[in-house]
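Below is one structure; the comments refer to it alone.
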Amino acid sequence: MSLIVQKFGGTLVADIGKIKNVAQKVIYERKRGNTVVVILSAMAGETDRLIALANSAAEVPEAREYDSLISTGEQVTVSLLAIVLNQLGYPAKSFLGFQIPLKTDNAHKKARIEHIDTQKIRKELKKGVIVVVAGFQGVDTDNNITTLGRGGSDTSAVALAAALRAKQCDIYSDVDGVYTTDPNICNKAKRLDKISYDEMLEMAITGAKVLQPRSVEMAKKFDVRVYVKSTFSNQGGTLVTKEDKDMEKEVVSGITYDRDQAKITVVHVPDKPGIAAALFSPLSGNNINVDMIIQNASLEGHTDLTFTVSKKDLMEAKKIVDATAKKIGAKNIEVDDQVAKISIIGVGMASHSGVAAKMFTSLANEGVNIMMISTSEIKISCVIQRKYTELAVSVLHDAFGLEKKK
Ligand code: ADP
Ligand code: ASP
Ligand code: MG
């Protein structure tokens, strides 16, 4: 008898009929003799709806109340699933974050899990009860409800799997695995049988929504076997696991895109010590993450500085940078909110030459202009015009032969 954690995403619990299907998937594991802990998301679209409600109530909703509100979607689905399971004769009990408790820090909207008390869960499991836990939420030391960032139920699931030392963590979504690229924008995308933690982490960070980046970080740290699966078949799926010899041979394993990007250029900045610090410190002080940064070569003591932020932070970032630009004597600032980031990812990249050149040539052949470039050992990212996103993904998918991957 093994302990298995199953997580079901929003599309799979979107209505009562779908919740009944999820119940069957849980019962299937139970009948195979496994102990099951289930993590659920809110019904598809519900978290968006709650966020819109909060934003219609105030320009800047208070963070504590915001988290309290947007965490309610999960309360609905976990209690519904527990009701359905009980009705079918399988004892089940739902838990919210604070009832466990699943302790986090106090960074509302993007709280980090610090500790999970597994006592209550273990007690129920011992009695044969199916435990259903609300994803995406926790509680801080002052008993305030916190949320873990969009897509955070993945992290709840992996964290619980780690805390309970589960045999595996199955992530059920509207896709039956991790693909070479988003199958919803590229019909040549191929499902991967397995992917390394490091590649999956880069894919998640650079835009593949299928797993929240923190869930992958946690899986790697605690060595959790994560399967991304489909509820429609018991076959297939992708195992996220440690790197092995086969993976090292692959130069590029996946392509990602992120349309949630905006670019800011500070024009004609005096080129002297302290300028970058003056520009970026107030941004980080306001919790705005800066992604790529490039600084042009200096000409007669002046330079241009370009960087990207998330689209949702653009207005606030612009206000802050405008004020700093005046202080440091820059000419003006320019904003472009029509950009996207395209990335290629692969652990084998580090030991192969010519990968970047191939990426740039393939984009150039299609007339796609590259505005910014950044690289790491296992990733190359380019900022391009957003309207070319799908074209770029498909061109790179062809160029690196990913449709032949298995
Ligand atoms: P859930 O609600 O189940 O958590 P998400 O919407 O968060 O589901 O994540 C699943 C989505 O991730 C898919 O619908 C797909 O469009 C997107 N996606 C992006 N890149 C990939 C990829 N490489 N492989 C699989 N899915 C991907
Ligand atoms: N319901 C939350 C969201 O939409 C958490 C999740 O689905 O993982 O972001
Ligand atoms: Mg998700």
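Read the numbers this way: they start at 1 and go in the same order the structure lists the ligands and their atoms. In this chain, numbering begins with 1 at the start of the sequence shown. Given the structure is predicted, the values throughout are model-derived calculations rather than measurements.
- Under a 4.0 Å N-O distance rule, the pair D244/K242 does not qualify as a salt bridge.
- In this structure, atom 6 (C) of ligand 2 lies nearest to the protein heavy atom S153 OG, 3.3 Å.
- Judged by distance alone, the side chain of N286 and the main-chain N or O of I288 form no donor-acceptor pair under 3.5 Å.
- Residues D271 and S298 have side chains that bring a donor and an acceptor to within less than 3.5 angstrom of each other.
- Short contacts between ligand 2 and R150, defined as distances under 4.0 Å to a heavy atom of the residue, involve ligand atoms 3 (C), 4 (O), 9 (O).
- Within the structure, ligand 2 lacks G10 among the residues with a heavy atom less than 4.0 angstrom away.
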Mind listing the side-chain donor-acceptor pairs of residues 33-40 below 3.5 Å, one per line with the distance, residues two or more places apart or on another chain?
from: N34; atom 1: OD1; to: S2; atom 2: N; distance (Å): 3.3
from: N34; atom 1: ND2; to: E29; atom 2: OE1; distance (Å): 2.8

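- Atoms of ligand 2 lying under 4.0 Å from at least one heavy atom of T47, given by number and element, are 1 (N), 2 (C), 3 (C), 4 (O).
- For a heavy-atom separation below 4.0 Å, the residues in contact with ligand 1 are K7, G9, G10, S173, D174, V175, G177, V178, Y179, T181, D182, P183, N184, M203, A208, K209, V210.
- Side-chain polar atoms of Q261 and D258 form a donor-acceptor pair below 3.5 angstrom.
- Proximity to S41 (heavy-atom distance under 4.0 Å) selects the following atoms of ligand 2: 6 (C), 7 (O), 8 (O).
- A heavy-atom separation below 4.0 Å is not found between G73 and ligand 2.
- At a heavy-atom cutoff of 4.0 Å, ligand 2 is contacted by the side chain of E74 but not by its backbone.
- Applying the side-chain hydrogen bond (donor to acceptor under 3.5 Å, both in side chains) criterion to K263, with sequence neighbours excluded, gives no partner residue.
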Side chains of residues 86-95: which donor-acceptor partners sit under 3.5 Å, not counting sequence neighbours?
from: N86; atom 1: OD1; to: A92; atom 2: N; distance (Å): 2.9
from: N86; atom 1: ND2; to: A82; atom 2: O; distance (Å): 2.9
from: N86; atom 1: ND2; to: A92; atom 2: O; distance (Å): 3.0
from: K93; atom 1: NZ; to: E124; atom 2: OE2; distance (Å): 3.2

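- Taking the charged nitrogens against the carboxylate oxygens, D260 and K311 have no contact shorter than 4.0 Å, which rules out a salt bridge.
- One finds a salt bridge joining D291 and K341 here, because a Lys/Arg side-chain nitrogen approaches an Asp/Glu carboxylate oxygen to under 4.0 Å.
- In terms of N/O distances under 3.5 Å, ligand 2 is not approached by G149.
- When the shell of 6.0 Å around NZ of K127 is examined, it contains more than 12 heavy atoms from other residues, nucleotides or ligands.
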